[in-house]
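To start, the structure itself, in structure tokens.
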Amino acid sequence: MQDNLPAFTNVNSLETPTALYTVGKNIKFWDMTERTWLKGKITSITQCEGYFVSVTISHQNFRKKREVHINREDWLDTKPD
């Protein structure tokens, strides 16, 4: 028996009760390895039936381009200073 699970889809923007996320938007995110907030640009957003699943953020750290996948909305801050 196979259950029909809802599909994860990539979207260009997603509004949640706490924020509006848009591909290309600069955002602050919590980095577990550095234990600090870093800034980066959203490169992709994944949703499932209209709900937040994850974002992929590109950023530069120690002069190297890096990419991070964030699966928790509370690790994101849409108001970078």
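Position 1 is the first residue of the sequence, and the numbers go up from there.
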Distance-only criterion, 3.5 Å: show the donor-acceptor pairs between side-chain atoms of residues 62-69 and protein atoms not counting sequence neighbours.
unit_1: R66; atom_1: NE; unit_2: N61; atom_2: O; d: 3.3
unit_1: H69; atom_1: ND1; unit_2: T56; atom_2: OG1; d: 2.9

### Query
If you measure from OG1 on T36 to CG on D31, what distance do you get to the nearest 0.5 Å?
8.0 Å
### Query
For S44 and V23, which heavy atoms make the closest approach, and how far apart are they?
CA-CG2, 4.1 Å
### Task
Check whether any side-chain heavy atom of L76 sits under 4.5 Å from a side-chain heavy atom of Y21, and report yes or no.
yes
### Query
With a 4.5 Å limit on heavy-atom distance, are the side chains of D77 and I27 in contact?
no
#### Entry: Heavy-atom pair with the smallest gap, counting every atom of K39 and K28
CG-CG, 3.8 Å
### Query
Does some side-chain heavy atom of L38 sit less than 4.5 Å from a side-chain heavy atom of F29?
yes
### Query
Do I57 and V11 share a hydrophobic cluster, counting only Ile, Leu, Val, Met, Phe, Trp and Tyr and linking them when any side-chain heavy atoms are less than 4.5 Å apart?
yes
### Message
Quick check: is W37 connected to V55 through a chain of hydrophobic side chains (ILVMFWY, heavy atoms under 4.5 Å apart)?
### Response
yes
### Message
Give me the atom names and distance for the closest heavy-atom approach of W30 to I70.
### Response
O-CD1, 4.1 Å
#### Entry: Heavy atoms from other residues, nucleotides or ligands near CG of N10 exceed 12 (cutoff 6.0 Å)
yes
## Note on the structure
In terms of heavy-atom contacts, S13 and I45 come closest through CA-CD1, 3.9 Å
### Message
If I take atom CG from residue L14 and atom CD from residue Q47, how far apart are they, to the nearest 0.5 angstrom?
### Response
5.5 Å
### Message
If you define the side chain from C-beta out and look only at heavy atoms, does anything of V53 sit under 4.5 Å from Y51?
### Response
no
### P6 to E49 - nearest heavy-atom pair and separation
CB-OE2, 3.3 Å
## Note on the structure
Contacts of T16 meeting side chain to side chain donor-acceptor pair (under 3.5 Å) (sequence neighbours excluded), chain-then-number -> T18, E73
### Summary
For N71, the side chain to side chain donor-acceptor pair (under 3.5 Å) test, sequence neighbours excluded, returns none
